[in-house]
Number of protein chains: 2
Amino acid sequence: MNNKEKLRKAGLRPTKQRMIIADILLDGINRHFTAENLQNEINSSGNSMSIATIYNCLKKFRNCGLIKQVESSKDTAIFDTNINQHHHFLDEETGELIDIENDEVNLRKLPKIPQGYLNNGVEVLIKIKKKI
Amino acid sequence: MNNKEKLRKAGLRPTKQRMIIADILLDGINRHFTAENLQNEINSSGNSMSIATIYNCLKKFRNCGLIKQVESSKDTAIFDTNINQHHHFLDEETGELIDIENDEVNLRKLPKIPQGYLNNGVEVLIKIKKKI
DNA sequence: CAAGTAGTTTAGAACGATTTTAAAGTAAAA
DNA sequence: TTTTACTTTAAAATCGTTCTAAACTACTTG
Ligand SMILES: [Mn+2]
Ligand SMILES: [Mn+2]
Ligand SMILES: [Zn+2]
Ligand SMILES: [Zn+2]
């Protein structure tokens, strides 16, 4: 499936700007990035785009499940092209995130989901620190 | 140990403002809160404090380990008075966090920590969703 | 205690990330 | 083709947070 089809399937009009972003993000390579990172990649690819459009697109892509947003206490939003359920190592010093594939983690015991709720995904974060 | 001693032990001068905050936060009840939530509690207690001071104190308290900051993709920082290693349920719709005690979760398999790094804490996040 | 000094608080300005505005442009539908 | 709904954009606005610099306060030293 090409990117135009992916956008259509997600219910998004394949505009010029969304195609530029899809060509960068949906190339099968997993990455963690900010809106500013993406704008730099867009510029490097010989295109340009308003930062408002970049935010608009990222929000649409995320809401359609084409990308994810990472839980992060940094003040800049971090997005993730790996949309499979997976986990992360986090170096809190640098903010670097490293993917952990889902089958690298195995839970022996999980708490009871609160009354009236459904389990909607489990994420494990392993904080790591450079050895001195 | 009273709050004045706790602050001293943490290397912080027990100023009037820090004592007001400590009296609210270090009462043994676990809670998740924002800077604005805390300012409202301070106001309700008949005191008042500059938002700059509240941020200063929260940062100091966090860096001393008196409170933690939660990883969250919301744009407002969320703090946690539960400083034990523990986990969370997250209702992504509302942002509500519910504590999961550490012994409610058991990991059968953990990935190898990257070369040159040390494990600095594991956090499990269980996203939950209201049943329709 | 008194004086010195290092740390703290504050209002307000500044900042950086993100969202809104509103007008012009474009894709899809009719 | 005409109409419609959606999208992009620059610029302004907003919002959470940090900075500035002056006033204040806790602690140290004499
Ligand atoms: Mn922020
Ligand atoms: Mn965040
Ligand atoms: Zn990832
Ligand atoms: Zn908690």
* To do: Return no unless some side-chain N or O of A:R8 is found under 4.0 Å from OP1 or OP2 of C:dA28.
  => yes

* Taking the side chain of B:T15 as its heavy atoms from C-beta onward, which of C:dT9, C:dT26, C:dT18 lies nearest to it? -> C:dT9

* Asked: Below 4.5 Å, heavy atoms only, C-beta onward: do A:N37 and A:E41 meet side chain to side chain?
  -> no

* Side chain of B:R13 - closest among D:dT25, C:dA17, D:dT8 -> D:dT25

* What nucleotide among C:dT8, C:dT10, D:dT8 has an atom nearest to a side-chain atom of B:S50? -> C:dT10

* B:N56 side chain: which of C:dT19, C:dT10, D:dT9 is closest? -> C:dT10

* Sort out for me which residue in B:L38, B:I78, B:V70, B:D80 forms a side chain to side chain contact (heavy atoms under 4.5 Å, CB included) with B:F33. => B:L38

* On the 0 to 90° scale, with breaks at 30° and 60°, tag the A:H88-A:H32 ring pair as parallel, tilted or perpendicular. => perpendicular

* To do: Tell me which nucleotide among D:dC27, C:dT18, D:dA11 gets nearest to the side chain of A:A52.
  => D:dA11

* Determine: side-chain N/O of B:K60 to OP1/OP2 of C:dT8, distance under 4.0 Å, yes or no. => yes

* To do: Look at the side chain of A:T53 and decide which nucleotide, out of D:dT17, C:dT9, D:dT9, has an atom nearest to it.
  => D:dT9

* If you check the A:T76 side chain, which of D:dG16, D:dT7, C:dA17 turns out closest? -> C:dA17

* Within less than 4.0 Å of OP1 or OP2 of C:dT26, is there a side-chain N or O belonging to A:Q17? -> no

* Measure the distance from CD1 on B:I51 to C1' on D:dC15 and round it to the nearest whole Å. => 12 Å

* Asked: Does B:K59 have a side-chain nitrogen or oxygen under 4.0 Å from the phosphate oxygens OP1 or OP2 of D:dT18?
  -> yes

